[in-house]
Participant: 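Handing you a structure now.
In what follows, residues are counted from 1 in the order of the sequence shown.
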Amino acid sequence: MSSLFKNLRIHQVFGANTDVGKTILTTALVRASASKDVPVHYLKPVSTGPMQDADDRHIECFAGPYRDNVHTACLFRFDEPVSPHLSVLLAGQKRNREVTAPTDAEFVTAVAQHIEKSAFRFPGPAHMYVETAGGVHSPTLSGTTQVDAYRPLFLPTILIGDSQLGGISTTISSYESLLLRGYIIDLVLLFHDAYYRNYEYLIPYFAERGIRVLSLDLPHKRLPDENEEQKAMKGYYERLAPELKKEGNIYDAVDHLDDCHARRLTELESMPRRSLDTFWWPFVQHGLVPSEADVNVIDSASQDFFSIYNGKRAPSPFATSASPTSSGPTSLLEPQFDSSASWWTQALGHAHPSLTTAAARAAGRYGHVMFPQATHAPALRLGETLVHRGPGAGWASRAFFSDDGSTGMEVALKMALRAYAVRHAGEMGGRRRKDLGILGMRESYHGDTIGAMDACEEGVYTCEWHEAKGFWLDAPTVSNVKGRILVTLPSAIIKTVEGTDAADMTIGSLKEAYDVKTRLHTPLADIYRRFIDRTLTNLRSNGGPTLAALALEPLVMGAGGMLFVDPLFQRVLIDTVRGADPRHAPGEWSGLPVIFDEVFAGLYRLGVRSAGPLLGVHPDISVHAKILTGGLVPLSVTLASESIFRAFQSESKLDALLHGHSYTAYPVGCEVANETLKIVEKMAEGEAWDASRARWGAATSGAEKAKQASAWSFWDPAFVDKLARLEVVGEVTTLGTVLAFKIQDDVDGYRSNSAQKLLESMRLGMASEQTSAAPGGAPFGINYRTLGNVAYFMLSLNTSEAVIHAVQDRILQTLQKKPSAL
């Protein structure tokens with residue numbers, strides 16, 4: 001991940017194109033830095049072409065009187081003067097054998113480790129320049145465009161502009177490419193070409209954007225005689241960075257870069273205090289945040305990791321091959337695994353370039369446009385995808401856009417309640433529509449807006465104005481308890497149904513637990529039917545609320561404690577509710593409209609696109625958010641069947657669904673969602689997840705995956721079994737990206753702090769850890785969230801096997817310690 005040292009000021013040098021003078025201007029910077037009597041490190045990660053033309057050799061040759069202060073290095077060198085990705089191929093052909101290019105992770109790790117070694121080499125102030133190859137989008141050795149490959153390092157950047165014909169365009173285009181990926185651009189340098197005069201345009205252009213631009217004298221045209229050329233270049237560098245009179249643009253550039261580094265350190269240093277004085281954080285008791293060290297300062301994020309500032313803590317305890325002890329300079333930034341997927345939103349990791357490009361594409365084309373009685377391409381593509389090929393395939397006909405999961409659920413509730421009220425308009429016995437209630441599950445959660453709160457039983461998330469409207473059933477759950485897959489029945493079922501004595505029932509495997517079709521014919525299914533029938537009958541007999549909709553979080557109730565509900569119970573509940581009113585016409589909703597709140601569980605978070613195929617039934621209404629846009633921007637879509645839609649059709653506008661948001665069908669969100677779904681569906685249909693599927697006995701062939709919905713997890717079954725057998729762990733549950741486990745504790749539920757305390761040491765990297773899992777290869781901490789005595793960990797849909805194994809090992813190492821030592 002990104003490295004930031006107080007003593008080592010680092011800048012990465014990108015060029016707007018090839019042959020723009022990147023190495024020449026970097027040499028001038030190196031000379032000017034070295035003249036300050038500080039060590040200067042120059043790194044050329046990839047060099048292609050003959051050794052005599054190598055950039056690091058040029059630096060050594062023209063460092064001048066400061067040569068002893070300059071330390072150069074090249075990590076990957078190839079002979080052919082071509083693009084790096086092609087140089088690997090040609091090297092293999094030349095040697096008559098395959099030459100394997102380093103992966104992006106290996107490449108970034110090599111660069112990061114060299115930076116760290118450089119920081120430790122001289123503990124005092126030093127400068128470093130990392131020069132890239134070619135232009136901003138020139139490929140790396142793996143073929144990935146280098147602006148993406150280098151992104152996990154997140155190094156402050158110098159852009160070398162193009163001073164030739166067309167250079168204004170290439171410079172601005174390169175700047176925007178860097179900007180789209182979040183790079184910090186501290187300086188633009190280019191030659192002072194008196195004919196094209198690009199600098200005259202670029203200086204005010206970048207000044208408006210707060211970026212310093214400096215133009216420097218052009219060098220002479222290369223001379224054919226090497227001795228004359230070397231002599232002329234020495235004279236050029238002496239004029240550009242004079243040894244005696246240390247002033248001029250190049251020295252101004254170095255001073256500016258030093259100031260930028262100092263400002264960044266100051267900003268990070270001040271952020272915790274300013275945040276404590278400014279923010280009101282969600283779900284945080286500020287009385288329990290006593291110091292600045294308790295504020296998690298996120299400097300950047302890439303893939304599955306935050307890059308966090310640790311300057312307010314004690315020195316980081318982790319060590320790497322470059323720093324076997326913590327006695328030397330320590331990076332002020334360290335990687336931290338985002339184990340809650342940033343509140344369940346991340347699907348493809350942070351700052352995915354395809355998603356950020358999609359956002360820019362829609363922002364540039366539309367900005368935002370109002371949506372009533374209108375259409376635009378991103379919204380139409382998304383609606384058609386979700387309805388016809390996505391989670392709505394086979395049952396939904398309409399897509400309603402809103403801004404987040406909670407408001408998407410309020411839309412769903414409005415749809416369901418209206419549909420019920422219209423159908424039963426003559427049978428409600430004078431009851432007002434606002435008295436209608438929701439049937440759901442105890443511990444459910446549908447969001448923090450007031451209407452969504454009212455669709456849940458009173459609990460820790462509700463507020464003073466909360467008015468619970470409905471009835472909530474106790475849910476049986478599925479979990480791994482000491483290596484056995486158990487269905488645990490709540491006391492309400494045991495008390496209500498005669499002959500139900502055992503609270504726990506063993507099921508053979510995770511796969512069998514989610515084979516709902518087979519389990520529908522078991523005695524437990526009959527127990528569930530009798531319990532639901534009797535409960536609803538008693539509710540009606542005792543004057544309970546008129547229930548107008550069934551709202552479920554299918555398979556997993558997230559915020560309620562990561563409760564993995566027995567899917568058989570939810571299937572039987574849906575069947576029972578729908579069978580209670582056989583008067584509906586064919587193709588219309590039956591009994592009660594059924595809502596699936598798939599904000600958390602949907603779109604492959606649990607390994608399946610939607611819970612419907614796994615449960616064997618489809619809803620009448622479903623809500624989707626979070627993964628929908630890959631965690632980049634807020635957007636929610638509520639899908640509805642045609643029979644629900646028809647409840648709002650008439651000749652009166654007052655019968656319409658009078659609900660909307662200013663940012664309904666936000667084009668940026670819709671375009672990002674389209675890009676997210678395209679990438680995710682490609683992974684789901686391809687081989688990306690097959691190794692994980694196979695470990696859990698799920699289908700891996702294309703035909704089988706399309707034909708059946710199987711339960712499986714990205715987490716390794718052997719790890720899950722080992723975790724479940726730990727003394728401190730009560731039970732473990734997993735599906736798809738989600739892992740949750742309950743800590744043995746006398747205090748149950750949200751009031752407990754046991755999981756938080758037990759896992760506290762995970763936030764920092766371990767001194768003994770050696771891993772290349774995190775970008776840059778550094779040991780990483782884990783940012784986690786707990787729900788009382790329940791800890792949960794979440795992956796992205798493309799988290800690497802190396803990261804998964806590293807996180808699994810860290811969880812086991814932490815929990816295997818004796819609790820008294822924690």
Participant: Closer than 4.0 angstrom, basic N to acidic O: yes or no for Asp721 and Arg725?
Facilitator: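 Salt bridge flag = yes for Arg725 with Asp721.
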Participant: Is a side-chain donor or acceptor of Ser406 paired with a backbone partner of Thr449 at a separation under 3.5 angstrom?
Facilitator: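 Looks like yes, one N/O pair under 3.5 Å.
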Participant: Which heavy-atom pair separates Ala724 from Asn480 by the least distance, and what is that distance?
Facilitator: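 Closest approach of Ala724 to Asn480, heavy atoms only: CB-OD1, 3.2 Å.
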Participant: Could you please spell out the steps behind the side-chain contact (heavy atoms from CB on, under 4.5 Å) verdict for Leu759 and Tyr784?
Facilitator: CA-CA 9 Å; Leu759 299 173; Tyr784 64 91; 3.6 Å; yes
Participant: For residues Glu588 and Arg423, determine if any side-chain heavy atom of one lies less than 4.5 Å from a side-chain heavy atom of the other.
Facilitator: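 With C-beta onward as the side chain, the pair touches.
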Participant: Can you say whether the rings of His424 and Trp589 are parallel (under 30°), tilted (30 to 60°) or perpendicular (over 60°)?
Facilitator: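 His424 and Trp589: tilted rings.
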Participant: Please state whether the rings of Trp712 and Trp689 are parallel, tilted or perpendicular, taking 30° and 60° as the class boundaries.
Facilitator: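 Tilted: the ring planes of Trp712 and Trp689 meet at 30° to 60°.
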Participant: Please determine whether a side-chain nitrogen of the Lys or Arg among Arg578 and Asp620 lies less than 4.0 Å from a carboxylate oxygen of the Asp or Glu.
Facilitator: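 Answer for the salt bridge query: yes.
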Participant: Which heavy atom in Leu657 sits nearest to a heavy atom in Phe648, and how many Å separate them?
Facilitator: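 Shortest heavy-atom contact: N-CD2, 3.7 Å.
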Participant: Could you please spell out the steps behind the salt bridge (Lys or Arg N to Asp or Glu O under 4.0 Å) verdict for Asp526 and Arg530?
Facilitator: CA-CA 6 Å; Asp526 186 56; Arg530 285 186 284 157; 3.3 Å; yes
Participant: To the nearest 0.5 Å, tell me how far Ile574 CD1 sits from Leu592 CG.
Facilitator: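 If we round to the nearest 0.5 Å, Ile574:CD1 and Leu592:CG are 11.5 Å apart.
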Participant: So, do Gln808 and Trp715 sit near enough that their side-chain heavy atoms are less than 4.5 Å apart?
Facilitator: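 In contact.
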Participant: List the steps, then state whether side-chain contact (heavy atoms from CB on, under 4.5 Å) holds for Leu547 with Val577.
Facilitator: CA-CA 10 Å; Leu547 301 177; Val577 165; over 6 Å; no
Participant: For the CD atom of Gln346 and the CG atom of Leu795, what is their distance to the nearest 0.5 Å?
Facilitator: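 Gln346 CD to Leu795 CG: 12.5 Å, rounded to 0.5 Å.
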Participant: Using modelled atom types and a 3.5 Å cut-off, is there a donor and acceptor pairing between side-chain atoms of Arg609 and backbone atoms of Pro391?
Facilitator: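 Between the backbone of Pro391 and the side chain of Arg609 there is no qualifying donor-acceptor contact (under 3.5 Å).
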Participant: Please tell me if the side chains of His286 and Trp280 come closer than 4.5 Å, counting only heavy atoms from C-beta onward.
Facilitator: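 Yes, their side chains come closer than 4.5 Å.
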Participant: Just wondering, do Ser713 and Val720 contact through their side chains at under 4.5 Å, heavy atoms?
Facilitator: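 They are not in contact (no side-chain heavy atoms under 4.5 Å apart), so the answer is no.
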Participant: For the residue pair Tyr528 and Phe569, categorise the inter-ring angle as parallel (less than 30°), tilted (30 to 60°) or perpendicular (more than 60°).
Facilitator: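 Rings of Tyr528 and Phe569: perpendicular, over 60°.
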Participant: So how far is it from Thr638 OG1 to Ile595 CD1, rounded to the nearest 0.5 Å?
Facilitator: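 Reported to 0.5 Å precision, the distance equals 9.0 Å.
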Participant: Is Ser444 reaching over with its side chain to a backbone N or O of Gly440, donor-acceptor style, under 3.5 angstrom?
Facilitator: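 Looks like no, no N/O pair under 3.5 Å.
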Participant: Under 4.0 Å between a Lys/Arg side-chain N and an Asp/Glu carboxylate O for Glu384 and Arg389?
Facilitator: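 Salt bridge: no.
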Participant: What's the shortest heavy-atom distance between His446 and Ala452, and which atoms?
Facilitator: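 It is O-CB, 3.5 Å.
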Participant: Side-chain donor-acceptor pair under 3.5 Å between Ser541 and Asn538, yes or no?
Facilitator: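 Short answer, no.
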Participant: Which atom names give the shortest non-hydrogen contact between Gly447 and Met453, and what distance separates them?
Facilitator: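 Of all heavy-atom pairs spanning Gly447 and Met453, the closest is O-CG, 3.8 Å.
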Participant: For Arg605, is there any backbone N or O sitting under 3.5 Å from a side-chain donor or acceptor partner on Thr737?
Facilitator: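 The answer is yes, because a donor-acceptor pair under 3.5 Å joins these two groups.
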Participant: State whether the number of non-hydrogen atoms from other residues, nucleotides or ligands found under 6.0 Å of Glu727 atom CD is greater than 12.
Facilitator: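 Open.
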Participant: Would you check if there is a donor-acceptor pair between the side chains of Ser509 and Glu512 at a distance under 3.5 Å?
Facilitator: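 Judged by distance alone, the side chains do pair up.
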Participant: Would a distance-only check, ignoring hydrogens and angles, find a side-chain to backbone donor-acceptor pair under 3.5 Å from Arg529 to Thr576?
Facilitator: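 Pair absent, no side-chain N/O of Arg529 close to backbone of Thr576.
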Participant: Is Glu731 salt-bridged to Lys482, going by a charged N under 4.0 Å from an acidic O?
Facilitator: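 Salt bridge: no.
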Participant: Quick one: closest heavy-atom pair of Thr676 and Gly630, and the distance?
Facilitator: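 Reported closest heavy-atom pair: OG1-N, 3.5 Å.
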Participant: So His618 and Trp395, would you call those rings parallel, tilted or perpendicular, with 30° and 60° as cut-offs?
Facilitator: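 If you compare the ring of His618 with that of Trp395, the planes turn out parallel.
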Participant: Take Ile627 and Trp344 through the test side-chain contact (heavy atoms from CB on, under 4.5 Å) and record every step on the way to the result.
Facilitator: CA-CA 7 Å; Ile627 275 184; Trp344 320 340; over 6 Å; no
Participant: Verify, without hydrogens or angle tests, whether Gln570 (side chain) and Leu555 (backbone) share a donor-acceptor contact under 3.5 angstrom.
Facilitator: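 Yes; judged by distance alone, with no hydrogens or angles, the pair exists.
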Participant: Is the shortest side-chain N to carboxylate O distance from Arg519 to Asp566 below 4.0 Å?
Facilitator: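 So Arg519 pairs with Asp566 through a salt bridge.
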Participant: Nearest 0.5 Å, what's the OG1-CG distance between Thr522 and Asp515?
Facilitator: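 It comes to 10.5 Å.
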Participant: To the nearest 0.5 Å, tell me how far Thr546 OG1 sits from Lys469 NZ.
Facilitator: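 Separation between the atoms: 13.0 Å.
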Participant: Keeping the roles fixed (side chain from Thr462, backbone from Gly459), state whether a donor-acceptor pair exists under 3.5 Å.
Facilitator: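 Side chain of Thr462 to backbone of Gly459, a donor-acceptor pair under 3.5 Å: yes, one is there.
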Participant: Kindly compute the distance separating CZ (Phe531) from CG (Leu524), expressed to the nearest 0.5 Å.
Facilitator: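 Separation between the atoms: 12.0 Å.
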Participant: Of Ser342, Ser340, Ser339, which meets side-chain contact (heavy atoms from CB on, under 4.5 Å) against Arg785?
Facilitator: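 Of the listed options, the one satisfying the test is Ser340.
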Participant: Return the minimal non-hydrogen interatomic distance between Val623 and Gly405, and the atom names on each side.
Facilitator: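 Between these two residues, the closest heavy atoms are CG1-O, 4.1 Å.
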Participant: Where do Leu815 and Phe741 land on the side-chain contact (heavy atoms from CB on, under 4.5 Å) test, with the steps shown first?
Facilitator: CA-CA 11 Å; Leu815 295 178; Phe741 54 88; 3.7 Å; yes
Participant: Please tell me whether Phe283 and Trp343 form a close aromatic pair, meaning their ring centres lie under 6.0 Å apart.
Facilitator: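 Under 6.0 Å, so yes.
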